[in-house]
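Structure first, then comments.
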Amino acid sequence: MHKLTIAGIVEGLGRGDFSSEEITRHYLRRIEQLDARYNSFISVTPDQAVARARAADKRRSKGDAPPLCGVPIAHKDIFCTEGIRTSCGSKMLDNFVPPYSATAVDNLAQAGCVTLGKTNMDEFAMGSSNETSFYGEVGNPWDTGRVPGGSSGGSAAAVAAHLCPAATGTDTGGSIRQPASLCGITGLKPTYGRVSRYGMVAFASSLDQAGPMTRSAEDAALLLQAMAGFDPRDSTCSDIEVPDYSAGLDKPIDGLRIGLPREYFEQGLDTGTETAVRGALAELEAMGARLVDIDLPHSHLSVAAYYVIAPAEASANLSRFDGVRYGYRCKNPRDLNDMYTRTRTEGFGDEVKRRILVGTYVLSAGYYDAYYRQAQKIRRLIKNDFLAAFEQVDVIAGPTSPTTAFEMGAKSADPVQMYLEDIYTIATNLAGLPGMSIPAGIIDGLPLGLQLIGNYFDESRLLNIGHRFQQATDWHQQTVSQCMQEV
Amino acid sequence: MQWETVIGLEIHVQLCTGSKIFSGAATRFGAEPNTQACAIDLAMPGTLPVLNEQAVRYAIMFGLATNSTINLRSVFDRKNYFYPDLPKGYQTTQLEQPIVGPGVVEIELEDGSSKNVRLHHAHLEEDAGKSLHEDYHGMSGIDLNRAGTPLIEIVTEPDMRSSKEAIAFARKMHAIVTSLGISDGAMAQGSMRVDVNISVRPQGSDELGTRTETKNLNSFKFMEDAIRVEVHRQIELIEDGGVVAQETRLYNGDTGEARSMRSKEEANDYRYFPCPDLLPVVVDQAIVDEIAASLPELPDTRQKRFITEYGLGRYDAGLLAGEKTMADYFEATVAQCDDAKLSANWITAELAAALNRHDIELEDCPVSARQLGQLITRIIDGTVSGKIAKQEIFPALWDGEAGVDQLITDKGLRQVSDSSALEQLVDQVLADKAEQVEQYRATEEKKRKKLLGGFMGPIMKASGGQANPAMVSEILKRKLEP
Amino acid sequence: MSLDKNDIRKLAVLARIDVDDAIIDDVASKISDILAMVDQMQAQDTSAVEAMANPLDAVQRLRRDEITETDQRQSFQAIAPATEDGLYLVPKVID
């Protein structure tokens, strides 16, 4: 059963091949028996899951099954889930059980999804390797000595290891796409504002966006359909109508103009990565797409601008973790200031503290203009680059990650090296554009993704290209035997 | 040396919206602690703000009422600092692009002169919660009901030169926001709080001295006292060779003393930046025009109307129009009795004195405008004398004993206007004063008037104050004729 | 921009984070590395560019003034570190 995609599960449930309770129990069993290898879940919620699955089966028997009725999925532990601990990978929220759910979670529940549990992640989504989690690092299912990428590393690993058919993720600088690339799955970061941020623990408010992590573009379409939409509780959420993402999946792509940014291909691209990406592009060309060289002249500034804007916003977003109303509070504070300082010093990990300090610095008196304002201006230049590019092409393609999964510990001592992991994904967040990573090759036994970047609210096109590509290739079905192990 | 005081004000006004500025929680005053603090107000993880339309409209109304620029595009910023009554660790406010400003307001002083005070700007922001300092085993208690209540902060230029000017400005702001109906103006409940920036400089100097900020004054009396204390402190300090330190001070209304605020002493760096959870507020000029067209009558306009429509003097008109509740009360009284001058006199004298004596606000006055109007009607129609009305009926009305006419009947206060009864009364008194009557008749006509009082007093006294004085005077004069 | 120990201490106070003396040099050097990378931005002329705070350049939507929230004090305070009489308790606040 765990070989099935979401589309397959929906079909199977519809035909009565199995019940939601059966497939839910199947995944719960897999998590229980196999996740010790990967550590991809922070919390598993068998009781709630089985209860929800039974309720879904009952609904289906009554004939009022919503589109994803009874489909088990997992949520990144950044989404608030009512009654279920939401840690955000941090000691700070180790005891936090929210009395409300994120809109994205509610939307998926409305569509019928059953929650298996909450997946591991970099603490407060700050990291590209899942090594900053309070709950320990996550092993890449292709090689457990390597990282799964981050920050949605738990979701990526769980999907790749067939511990759940799909999971939610969030992407602030590449946190859906980079782990998708490193774990050989499909990950879509929608346009900023497409999915509500309400109830998603904020990292960098103007960059954060939730999206699906799945084993196919077809599944991503199904999940995004349920997640996306206007939410009156999020001022930045768009009220543009959500199209039918599945409807256009099969459209032919001949005549499609794919832009290849010179900056992505010419400057120090890893040869293995280039080979895989070029191979995938050749495939798309064979399907009728046209490859066009384009320029994104300010893309070399994206990592710099990002590492001003994201820490600045984070430094304020994380001030609410003060030990007063919820979450961790230090023992026996001497006075108010001691409570604040020790709560935060003990409750946050090193990377989070580092980014808070960087954010505090770039916003402080005398530095604001040189850092924060300058970064916001560069952000506009980057957006304008994309707008100009989309005058010439329909979609932009390039690598998702610089390389395949690296070994644990390889980059953790050098933050700047780690930050460069997101060199190809960050610009998309700065501009607010949708981006998707699809499996595009295997190098030395490790998967690697192709990134597709679309125009605003053009997720349909990305899903269409991804689906057509996956009809013609089988990279997305590749896995290692360990991941298919029966239990 | 002669010193000049320089004052600028920052006035926080709570807007009387039903829900908070960024959440759907209620703003009602006096609820049980934390029962009106929702997940957004508590800064629960993942919660987000959405701006209240009414708060924006109210801010625009304020801007229009103060001849200020309305900025069609304004931006919310985060002001970062840690404090237990500030759940997010930042206050959402407006710094670089506020919704209102600049503007100018004319204030009128007691001596009849007037002066312009410039508004630097007014911005929208959220209120903080409250720290309760009662002892909970050595801890403080935090109530976040107030957190997220919408405020406008009105910031003036340092244009005021005395506490009188500062208070006149603050009163004017109070009159404007209550007339607009955008705030309940309940100062004792913290609906309007004033921070006073004070500096002193040698008379004639153009340079500003170092200023201090005395925070959170929630009555005009506290403002006056706090300014006096601080001006005195600064002058003494400088004259003793000291230097004024720029600091935030806290005035204690109970002790009349002020001290430096410890929590604000450490140099802060608020790291303002645009709030990424909120987008720029863009208002259509058509909406501003619509709001301008439907603006309620403002104190200045009302004052002018009181002068022309009711024939009041400028000072009385200003006094009555300055507070919306007072102006409404006045007009309701006039509607009842149809005598504006008498109504104005009663309200500014008897009523104001009684409110003052009992230390209550007009809103809580036990005598309604209708009752006061009825009482004045009874004076006009001669049922009771003004004196009886003041001394007997008004206090009884205040105590809620009964209605006006009931009181007149029950207490037997009706003025005696029955001429035969009065003639009898006059005859009685004159009979006892044969000597004085002779003396009166012997006096030449021009000087008789003086002697009349010697008869009036005893006659009124004999009537228990109820005799109609005009009639008595007439009867008396007739009977005294030789 | 290179930061030293004292710079880090000042930032730490603002952020209410304690940086232990044993690691402060390492923290300073890593943050300096990050800022060095970030400083690539400084070469870019942006004098004619308008700052962009939101990727969609959208404007704020306004909420109708309606009370939509009910009292949930009990469930909110069930997850609080310390409460009494409906209040959140913190070490003494000194103004």
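All values below come from the heavy atoms of this structure, side chains included, with hydrogens, waters and symmetry mates left out.
- A salt bridge is absent between B:Arg259 and B:Glu257: the closest approach of a Lys/Arg side-chain nitrogen to an acidic carboxylate oxygen does not fall below 4.0 angstrom.
- In this structure, chain B has no heavy atom under 4.5 Å from any part of A:Leu207.
- In this structure, the portions of A:Tyr198 lying under 4.5 Å from any heavy atom of chain B include both its backbone and its side chain.
- Contact tally against chain B (heavy-atom pairs below 4.5 Å) for A:Thr103, A:Leu336, A:Thr360: the top residue is A:Thr360.
- For A:Ala365, the parts lying near chain B are the backbone and the side chain together; criterion is any non-hydrogen pair under 4.5 Å.
- Ranked by heavy-atom pairs under 4.5 Å with chain A, the list B:Pro84, B:Pro45, B:Ala39 is led by B:Pro45.
- Ion pairing between a basic and an acidic side chain is recognised when a charged N comes within 4.0 Å of a carboxylate O; B:Arg211 and B:Glu10 show no such pairing.
- If you measure heavy-atom distances from A:Asn317 to chain B, the contacts under 4.5 Å come from both the backbone and the side chain.
- For residues 276-285 of chain B, a heavy-atom distance under 4.5 Å to chain A picks out B:Pro276, B:Asp277, B:Leu278, B:Leu279, given by residue number.
- Per-residue heavy-atom pair counts under 4.5 Å with chain B were compared for A:Asp322, A:Val362, A:Asp234, and the maximum is reached by A:Asp234.
- Remark: the A:Ser90 side chain and the A:Glu123 side chain contain an N/O donor-acceptor pair separated by less than 3.5 Å.
- Most heavy-atom pairs under 4.5 Å with chain A: of the set B:Gly89, B:Ala43, B:Ser23, this distinction falls to B:Ala43.
- The candidate with the highest count of non-hydrogen atom pairs below 4.5 Å against chain A, out of B:Ile40, B:Val50, B:Leu51, B:Asn80, is B:Val50.
- A:Ser43 and A:Arg85 share a donor-acceptor pair across their side chains, judged by distance under 3.5 Å alone.
- Ring orientation note: the planes of B:His121 and B:His123 are close to parallel, at an angle under 30° on the 30°/60° scale.
- In this structure, B:Phe273 and B:Asp77 have side chains that are not in contact, with every pair of non-hydrogen atoms separated by 4.5 Å or more.
- In this structure, chain B has a heavy atom under 4.5 Å from the backbone of A:Ala312, while its side chain stays farther away.
- For the residue pair A:Lys189 / A:Thr428, no side-chain donor-acceptor distance below 3.5 Å is found, with atom types taken as modelled.
- A salt bridge links B:Asp195 with B:Lys215: the closest approach of a Lys/Arg side-chain nitrogen to an acidic carboxylate oxygen falls below 4.0 angstrom.
- No hydrogens or angles considered: a donor-acceptor pair under 3.5 Å links the side chains of B:Glu153 and B:His12.
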Donor-acceptor list for residues 53-60 of chain B side chains, cut-off 3.5 Å, not counting sequence neighbours:
from    : atom 1 : to       : atom 2 : distance (Å)
B:Arg57 : NH2    : B:Glu290 : OE2    : 2.7

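- Only the backbone of A:Arg233 comes within contact range of chain B, with at least one heavy atom under 4.5 Å from a heavy atom of that chain.
- Side-chain contact check for B:Gln14 and B:Thr149: no donor-acceptor pair (N or O, by modelled atom type) lies under 3.5 Å.
- Results of the side-chain contact (heavy atoms from CB on, under 4.5 Å) test with A:Met121 over A:Cys88, A:Ser87, A:Ser152 single out A:Cys88 as the only residue that passes.
- Annotation: maximal heavy-atom pairing with chain B below 4.5 Å, among A:Phe79, A:Tyr368, A:Tyr326, occurs at A:Tyr326.
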